[in-house]
Enquirer: 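Below is one structure. I have some questions about it.
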Amino acid sequence: MIQEIFCFIYDEALKEYESSEYHIVNKLKFLTIAFRLFAEIKGEDAYIEIRTLAVIFNFRLDSRAFWVCEIPEIEEEKKLFIEYLSIEMDKF
């Protein structure tokens with residue numbers, strides 16, 4: 001997909017995102033918002049589930065787990081997060 005779409009998703013997710021005091025929760029919540037926006041842009045249904053240390057994303061008959069330790073930092077590593085999102089979403 002076009003890199004600009006993932007920049008848009010990142011920027012929109014950042015507007016909607018509300019930080020908490022827990023670093024792990026922040027990363028999981030932000031990724032969940034990004035996945036929801038991705039599915040909305042694609043115009044398709046998705047099932048997103050937050051687990052203790054992972055986000056489960058079911059999209060187009062495929063299911064993947066995204067572990068918190070693999071997710072780049074949200075605000076400190078914008079470019080890396082967008083690249084991560086782009087690579088992972090291209091697998092769908």
Side-chain angles (χ1 to χ4, degrees):
M1 286 187 77
I2 301 171
Q3 194 74 11
E4 288 79 26
I5 291 173
F6 296 108
C7 289
F8 173 77
I9 290 171
Y10 178 90
D11 291 338
E12 289 302 308
L14 202 55
K15 290 177 189 175
E16 190 175 322
Y17 162 77
E18 293 180 18
S19 181
S20 75
E21 64 180 290
Y22 302 105
H23 181 70
I24 291 172
V25 172
N26 291 338
K27 289 172 83 172
L28 294 174
K29 285 179 8 183
F30 188 82
L31 189 62
T32 301
I33 294 167
F35 286 160
R36 182 183 51 77
L37 292 169
F38 175 79
E40 288 176 2
I41 287 172
K42 291 299 227 171
E44 299 188 35
D45 292 331
Y47 175 76
I48 305 165
E49 179 181 351
I50 298 177
R51 297 272 176 104
T52 304
L53 295 174
V55 173
I56 310 299
F57 185 53
N58 296 308
F59 185 73
R60 292 185 177 165
L61 303 175
D62 195 4
S63 179
R64 294 215 169 100
F66 298 87
W67 296 95
V68 72
C69 60
E70 299 171 350
I71 303 169
E73 298 302 318
I74 298 166
E75 295 175 353
E76 296 85 12
E77 300 175 351
K78 176 180 178 176
K79 187 175 181 179
L80 187 60
F81 189 91
I82 291 169
E83 183 179 326
Y84 170 79
L85 191 60
S86 173
I87 289 168
E88 294 301 327
M89 294 300 96
D90 281 344
K91 293 177 183 177
F92 286 100

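Residues take their numbers from the sequence shown, with the count starting at 1.
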Enquirer: Using a 4.5 Å cut-off on heavy atoms from C-beta on, say whether the side chain of Lys15 contacts that of Ile33.
Expert: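 They are not in contact (no side-chain heavy atoms under 4.5 Å apart), so the answer is no.
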
Enquirer: Given Phe8 and Ile41, is the side chain to side chain contact (heavy atoms under 4.5 Å, CB included) satisfied, shown in steps?
Expert: CA-CA 10 Å; Phe8 173 77; Ile41 287 172; 3.9 Å; yes

Enquirer: Compare every heavy atom of Ile9 with every heavy atom of Ala34, then report the nearest pair and how far apart it is.
Expert: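 Smallest heavy-atom distance, with atoms named: O-CG2, 3.6 Å.
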
Enquirer: Assign the ring pair Phe59 / Phe57 to parallel, tilted or perpendicular, where the plane angle (0 to 90°) is split at 30° and 60°.
Expert: parallel

Enquirer: Rounded to the nearest 0.5 Å, how far apart are CD1 of Ile56 and OG1 of Thr32?
Expert: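 Between Ile56 CD1 and Thr32 OG1, I get 10.0 Å after rounding to 0.5 Å.
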
Enquirer: Using 0.5 Å steps for rounding, measure from the CD1 atom of Ile50 to the CG atom of Leu31.
Expert: 9.0 Å

Enquirer: Between Tyr10 and Phe30, is the ring centroid distance below 6.0 Å?
Expert: yes

Enquirer: Apply the test salt bridge (Lys or Arg N to Asp or Glu O under 4.0 Å) to residues Glu83 and Lys79: give CA-CA distance (whole Å), side-chain angles for both, the deciding distance (0.1 Å), then the verdict.
Expert: CA-CA 6 Å; Glu83 183 179 326; Lys79 187 175 181 179; over 6 Å; no

Enquirer: Atom CG of residue position Asp62 - does it have more than 12 heavy atoms of other residues, nucleotides or ligands inside 6.0 Å?
Expert: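 Counting neighbours around CG of Asp62, more than 12 heavy atoms of other residues, nucleotides or ligands fall under 6.0 Å, so yes.
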
Enquirer: If you measure from CD on Glu40 to CZ on Phe35, what distance do you get to the nearest 0.5 Å?
Expert: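 So the CD of Glu40 and the CZ of Phe35 are separated by 14.0 Å.
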
Enquirer: Kindly check if the number of other-residue, nucleotide or ligand heavy atoms within 6.0 Å of CD (Glu18) is above 12?
Expert: no

Enquirer: Check the pair Thr52, Ile24 against side chain to side chain contact (heavy atoms under 4.5 Å, CB included), reporting the backbone distance first and the verdict last.
Expert: CA-CA 9 Å; Thr52 304; Ile24 291 172; over 6 Å; no

Enquirer: If you group Ile, Leu, Val, Met, Phe, Trp and Tyr by side-chain heavy-atom gaps below 4.5 Å, do Leu28 and Leu80 land in one group?
Expert: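 No: no chain of side-chain contacts under 4.5 Å links Leu28 to Leu80.
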
Enquirer: If you apply the rule side chain to side chain contact (heavy atoms under 4.5 Å, CB included), what do you find for Asn26 with Tyr17, and how did you get there?
Expert: CA-CA 8 Å; Asn26 291 338; Tyr17 162 77; 3.0 Å; yes

Enquirer: Measure the spacing between CZ of Phe6 and CZ of Phe81 and express it to the nearest 0.5 Å.
Expert: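 Going from CZ on Phe6 over to CZ on Phe81, the span is 11.0 Å.
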
Enquirer: Cut-off 3.5 Å, no hydrogens considered: what does the side-chain donor-acceptor table look like for residues 65-73, sequence neighbours left out?
Expert:
| unit_1 | atom_1 | unit_2 | atom_2 | d |
| --- | --- | --- | --- | --- |
| Glu73 | OE1 | His23 | NE2 | 3.1 |
| Glu73 | OE2 | His23 | NE2 | 3.3 |

Enquirer: Using a 6.0 Å cut-off, check whether atom CZ of Arg60 has over 12 heavy atoms from anything other than its own residue.
Expert: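 Buried by this count: over 12 neighbours within 6.0 Å.
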
Enquirer: May I ask you to list the residues sharing a hydrophobic cluster with Val25, side-chain cutoff 4.5 Å, ordered by chain and number?
Expert: Tyr22

Enquirer: I need the minimum non-hydrogen distance between Glu12 and Leu37, along with the two atoms involved.
Expert: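 Answer, listing the atom of Glu12 first, then Leu37: CB-CD1, 3.8 Å.
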
